[in-house]
**Q** 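To start, I am sharing the structure in question, which I have written as structure tokens.
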Amino acid sequence: MRIFLIGYMGSGKTTIGKIVAERLGMDFIDTDDYIENKLDRTIASIFDEFGEDEFRKIERENLLEVAKKENAIIATGGGAPCFFDNMEQMNALGTTIYINLTPFELAERLATTNLKDRPILAGLEKGELEDFIASALAKREFFYNKAQLEVTGSDEEIAEKIVQIVQAEF
Ligand code: S3P
């Protein structure tokens, strides 16, 4: 069994993925962490040095690499579903779950983090987040909506829902 968590930055993919993996005795992989460890550099420095297009190629290659793992929960970078045929690949290789939070919820959560760590948001003031996210989601939802399942709620509620889905279906 292989589960891909998808959703915008700040939606809780990593936090939720770790809870679910622990509860179900599965492995947890975060694609951004995987890339950072493998290349020994931060996502921000990859964007800075090579640009977004190159990052998307690296992301794609590593997504397919981690997707070989069995019995894993994979938290994907927020942009991953929106490039190449990454969504189709994930749908073919496992169960995709879209963590669907509102721009308001995402902005509140992201406002407590260091925006400089996320190149797409790095130039923004915290007060600009909600509008920025709303227009980004308007473009990204086309891809996120290709997920097989969709969940909303707090991190704990979503983790519980996913545990129940997995227990019922597998
Ligand atoms: C990105 C999301 C980030 C990371 C990169 C680009 C995006 O991952 O892959 O900064 O385009 O939405 P998280 O969603 O884990 O923050």
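Ligands are counted one by one from 1 in listed order, and the atoms in each one are counted from 1 as well.
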**Q** Judged by atom type as modelled, is there a donor-acceptor pair below 3.5 Å linking the side chain of Asp30 to the main-chain atoms of Asp33?
**A** yes
**Q** Any N or O of Phe47 that comes nearer than 3.5 Å to an N or O of ligand 1?
**A** no
**Q** In plain terms, say whether Arg41 and Glu36 are close enough for a salt bridge, that is, a side-chain N and a carboxylate O under 4.0 Å apart.
**A** no
**Q** Under 3.5 Å, is there a donor-acceptor pair between the Asn91 and Thr96 side chains?
**A** yes
**Q** Between Leu24 and Ile19, is there a shared hydrophobic cluster once you connect ILVMFWY residues whose side-chain heavy atoms come closer than 4.5 Å?
**A** no
**Q** Tell me the contacting part of Arg140 for ligand 1: side chain, backbone, both, or neither, using a 4.0 Å heavy-atom threshold, strictly below.
**A** side chain
**Q** Please work out which of Arg118, Lys13, Glu59, Arg56 has its closest non-hydrogen atom nearest to atom 11 (O) of ligand 1.
**A** Arg56
**Q** Please could you name the atoms of ligand 1 that Pro119 approaches to less than 4.0 Å, counting only its heavy atoms?
**A** 10 (O)
**Q** Grab the two heavy atoms, one from Pro103 and one from Leu137, that are nearest each other, plus how far apart they are.
**A** CG-CD1, 4.0 Å
**Q** Can you tell whether the side chains of Asp155 and Arg109 come within less than 4.0 Å, N to carboxylate O?
**A** yes
**Q** Nearest protein heavy atom to atom 4 (C) of ligand 1, by residue and atom, and its distance?
**A** Asp32 OD2, 3.2 Å
**Q** Could you tell me which atoms of ligand 1, counted from 1 in the order shown, lie closer than 4.0 angstrom to a heavy atom of Ile43?
**A** 5 (C), 10 (O)
**Q** Tell me whether Gly79 has any N or O atom under 3.5 angstrom from an N or O of ligand 1.
**A** yes
